[in-house]
Structures are given as structure tokens and as C-alpha cells.
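Encoded as C-alpha cells, the structure appears first; notes follow it.
These numbers come from a predicted model, not from an experiment. Chain naming here is simple, since letters A, B, ... match the order of the sequence lines and numbering starts at 1 in each.
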There are 2 protein chains.
Amino acid sequence: MIKGKDGTVIPKVVIERLPRYYRYFDWLDNQGEKISSKNLGDLMGSSASQVRLDLSYFGDFGQQGYGYNIKKLKSELAKILRINSRTNTIIIGVGNVGRALTRYKPFSSSGIYISALFDIKPSIIGEMVNNIMVHDIKNLAEYVTVNNIEIAIMAVPKEIANEIASSLVKCGIKGILNFAPLDLDLRNKIPVENIHIIDKILALSFMIKERPE
Amino acid sequence: MIKGKDGTVIPKVVIERLPRYYRYFDWLDNQGEKISSKNLGDLMGSSASQVRLDLSYFGDFGQQGYGYNIKKLKSELAKILRINSRTNTIIIGVGNVGRALTRYKPFSSSGIYISALFDIKPSIIGEMVNNIMVHDIKNLAEYVTVNNIEIAIMAVPKEIANEIASSLVKCGIKGILNFAPLDLDLRNKIPVENIHIIDKILALSFMIKERPE
DNA sequence: TAGATTGTTAATCGATTAACAATC
DNA sequence: TAGATTGTTAATCGATTAACAATC
């Protein structure tokens, strides 16, 4: 239960919309000084009411008769999402997905710093992948503590995902971004966000089949 | 508006849960003959009511006093999600993400067949990436028609994403899986699913900050 | 048959939108 | 000041859960 400015619970849907607001304010940054909830809603395809209510969970950022100051909102949202402070992150699993993530540019401009990689496979332990060292998964707990790691990105086979996830929790990891195609069984001990590529493309596959011409 | 078994509209949330049901039935496949909505719900962390109502949009798959036959449900869901029929797909953008997706194994076992890659960069056009040819984006329209391509996966810079998206629509592409970090402006002409990696990790970043110890 | 469990309708819950007083 | 637009509360809408008759 995450609380907002006056102690009310912020719905998860609202939290998950926050980065989207940030994207729009980032884009608006060189497009003018201010924007009203009406205009922003039109831009984002949502209602002015939703814009105002969503933002109001985090603070009173607007001004009557004026709207929202773009620079200010961008900086407030950056603070809320911790975009300008470094979030130490590790990637577990140095396969196809794990390797691609080491090259994923947008992380750095979002404060996400990939500190190390972990794998079980002896042949790649000690290797450097895009200037990031591959560590033995055995040393996970120590590394996480010593280096103050907050987020783990899991890119491991689904067969070992739950085992890895529970050891991450034991290590004191604060949140997991999971790419393995299963739902981790963590009983809400720590927040998890899933990226289920196959789920998305299959939903699409269903929707295009059913579309009238 | 996608309609279910008796013409009622299927909510989008339900469609997006379908692949998840498939994952569970796939896993259950060697775990017994039948399962009740109660047991499945416990497994998935949802209510028995939700399981029954969700599945009922697509057909009457259960039997009173028995539950759902696992093999049957798996095969029904496979049919609904077109897992066993080939869905011709192209990837636009041969950068870090596009290349990684050519190596993404789970596609093939979900019926997703990556037929070709497209890019603007002359230096890579004609190259083979993991046995898939990189084509000139200029030839998109012809290729899509001739090869009966249904889905395009977009892994292009956000600056050109909307332009590419609208040409995809013109080509007759039926659906888009978008990895570019923006919301495509398609006015619901065709279905789009987004994979916003940064949005997910930023939401996580917010949630871990706010968690009580 | 009796117990189990479905599919569906009704009740509840939560999220979105509308309305509006406050005020820049 | 008058017009614009906020933040918030009330009304509405949609999704989830509970209840239950049907029936295997």
C-alpha cells in the first residue's frame, strides 16, 4: 500500500501511469511553458479529470487559471520516479535477453545503472559483456549488500526463475523486473513488474484474428 | 470491439489475461487430467469467479461437478491464441532490440514466425542477421502484401516511430507490437500492444522508494 | 443419489468521469 | 475584474466477486 501526499493510498494503475506522464512532460519540455489538464489529456488520449486526479496523488502541482508549468512538472516527476538519482541494478542471466539489456541505452538516462551481471554458467563467469563483469550467482548476496543494489532484472529460464527470485528476496533486493515467461511466486514480499513479451504478442494475435475487415 | 461466444463484447483486460491462462494450462499439462476454477484461481492468484467468467467469454469449456479438462483447455486456448498456426511477422529496426528479438526463442513455439527484418540504414540492408534478411524499408509495402505479413514488431527510434507506424497501417499490417518508448498515434486503426521497458522499471523505482522497511 | 462444480446473474467494489467551489 | 483552470467530491461506469440454479 503506497501512500500519496495526504496519506491516501495511490492505486497501482496510477503509479503505472506515472512514467507515461513523465514521457509527455519530457517531450513537452521544448514545446512551451505551460499546459492545462485538458490539453494534456487530449495529447495523451485521456480525460482532463484523470490527469488532474492522477497528478493530485503526488502533490498540488498546478495553478488555477494557468495549468501546469512544464519545466516544474517534469522536474517533479523526475524526482518522484528517481530519474536523476542513481539506482544500482543487476541483471541475472547472461543469455540473449540479458546481453541485449546491457546495451539498452535508455536505462542510463532514467537513472538505472547496470552494475553487474550474474550467471550460473562457469564458462562465462569472469567475462566482460559490454564492459560489465559477469559474476558467479553464488556471490549474489554479498554483492547486493556491499554494492547497495536495489533492483534485479531477471532474464533467466523459467525453470529456475522462482528459485532465483527467492534468493533475491533473501539478499534484500527491493524490486524485480522479470522477463521470464512466468509469474513469480513472491507473495508480495517485494514489488515485481513483469515484461511478458509472448503474452503481449499472443493477445495481439487474438485481436487481429477477431477484427472485422 | 471484439465479441465473444454469444456476441457480448470481450473486455480488453480479459483478452490480455488469455495468454496467462494458456501459460498455466501448458504448465498443468503433465500435472493431472482436470482442474477446477477454484484450484486454478488459487494457483494463479485470482478468484474462481474470475476464472469462470473469463473463460466463459470464449466458450463453455467446463463441466459441472468435474471442472476443466486440462488437455482440452490447453488446446482450446491454443486455437484461440493461434499458437499452432503460423503468424507471419516482421521486425522493423535492426538495432540492439531488433537483433535480440531475432534470437528470441519463445516466438517459434507460439506460432510467431519472423519472416524478415527492415531498416533504413544502407550499410546493413542485404545483410543476414541470424539467418533473416535485412530489407530496405522502401520495400515494406510490397513485402507485406506478397508475404502475407500480419504483425510488425517495431524496434525503431522514437523519432521515426509514428511515421513508420502509419506506413505499416497503409501496407495493411494487422497489428503492431511496439518497443519504441512512446505511444503510437494510430487512432485505433489497428491493435497495438506496447512493451515499455523504461515505464516498467520507473514504476518499480517509485514503488521501492515508497516501501516501508 | 449426493457432492462437486459449472455458467450466469446480481451485488459489490474500485476506477473513471463529471461537476463545481475555490482562486489565480 | 472576468476567464481559465485547478483540486476535490459526487455520480457513473466497468470490472470483480458472490450467490445460486442447473447438472454432471
Checklist entry - Pairing of DNA chain C as dot-bracket, 5' to 3': ( ) intra-strand, [ ] crossing, | other strand, . unpaired, with Watson-Crick or G-U pairs under 3.5 Å? => result ..||||||||||||||||||||||

Checklist entry - Quick one: on DNA chain D, does B/G65 or A/I35 contact a more 5' nucleotide (nearest heavy atom)? => result A/I35

Item to check | Interatomic distance, A/K12 NZ vs C/dT16 P [rounded to whole Å] | outcome: 14 Å

Checklist entry - Any salt bridge between B/R86 and B/E150, counting N to O under 4.0 Å? => result no

Checklist entry - Below 4.0 angstrom from OP1 or OP2 of C/dT17, is there any side-chain N or O of A/K38? => result no

Item to check | Test applied, side-chain contact (heavy atoms from CB on, under 4.5 Å); reference residue, A/L204; option that passes from B/I151, B/V192, B/I176, B/T87 | outcome: B/I151

Item to check | Spacing between B/Q50 atom CD and C/dT9 atom P, to the nearest angstrom | outcome: 18 Å

Next on the checklist: Looking only at side-chain N and O atoms, does A/E76 offer a donor or acceptor that is under 3.5 Å from a partner on A/Y21?
Outcome noted: no

Item to check | Salt-bridge present (B/R52, B/D54; N to O < 4.0 Å) | outcome: no

Checklist entry - Within the pair B/S49 and D/dT16, is there a side-chain N or O less than 4.0 Å away from OP1 or OP2? => result no

Next on the checklist: So, taking the atom named CG in A/N178 and the one named CD1 in A/I92, what distance separates them when rounded to the nearest 0.5 Å?
Outcome noted: 11.5 Å

Checklist entry - Under 4.0 Å between a side-chain N/O of A/S37 and OP1 or OP2 of D/dT6, yes or no? => result yes

Next on the checklist: Is the distance between the ring centroids of A/Y68 and A/F25 under 6.0 Å?
Outcome noted: no

Checklist entry - Within this structure, what is the CD-to-P distance between A/E76 and D/dG7, rounded to whole angstrom? => result 12 Å

Item to check | Other residues, nucleotides, ligands: >12 heavy atoms within 6.0 Å of B/K72 NZ | outcome: yes

Checklist entry - If you measure from CD on B/Q63 to NZ on B/K34, what distance do you get to the nearest 0.5 Å? => result 10.0 Å

Next on the checklist: I need the CE-P distance between B/M44 and D/dT16, as an integer number of Å.
Outcome noted: 12 Å

Next on the checklist: Strictly below 4.0 Å: does A/K34 bring a side-chain N or O up to OP1 or OP2 of D/dT6?
Outcome noted: no

Item to check | Flag side-chain contact, heavy atom, 4.5 Å: B/L202 against A/S110 | outcome: yes

Checklist entry - Near DNA chain D, which residues from residues 52-60 of chain A have a heavy atom under 4.0 Å away? => result A/R52, A/L53, A/S56, A/D60

Checklist entry - Rounded to whole angstroms, how far apart are CD1 on A/I10 and P on C/dA15? => result 12 Å

Checklist entry - With nearest nucleotides of DNA chain C determined for A/Q63 and A/R17 from heavy-atom distances, which residue corresponds to the more 5′ nucleotide? => result A/R17

Checklist entry - What is the nucleic acid contact for A/S36, judged by heavy atoms within less than 4.0 Å: base, sugar-phosphate only, or nothing? => result sugar-phosphate

Checklist outcome for this item: Rounded to whole Å, the CG-P distance (B/L40 to C/dG7) equals 12 Å

Checklist entry - Is atom NZ of B/K38 surrounded by more than 12 heavy atoms (other residues, nucleotides or ligands) closer than 6.0 Å? => result no

Checklist outcome for this item: When rounded to whole Å, the CD to P distance for the pair B/Q64 and C/dT5 reads 12 Å

Item to check | Euclidean distance, atom OH of residue A/Y68 to atom C1' of C/dC24 [Å, nearest integer] | outcome: 14 Å

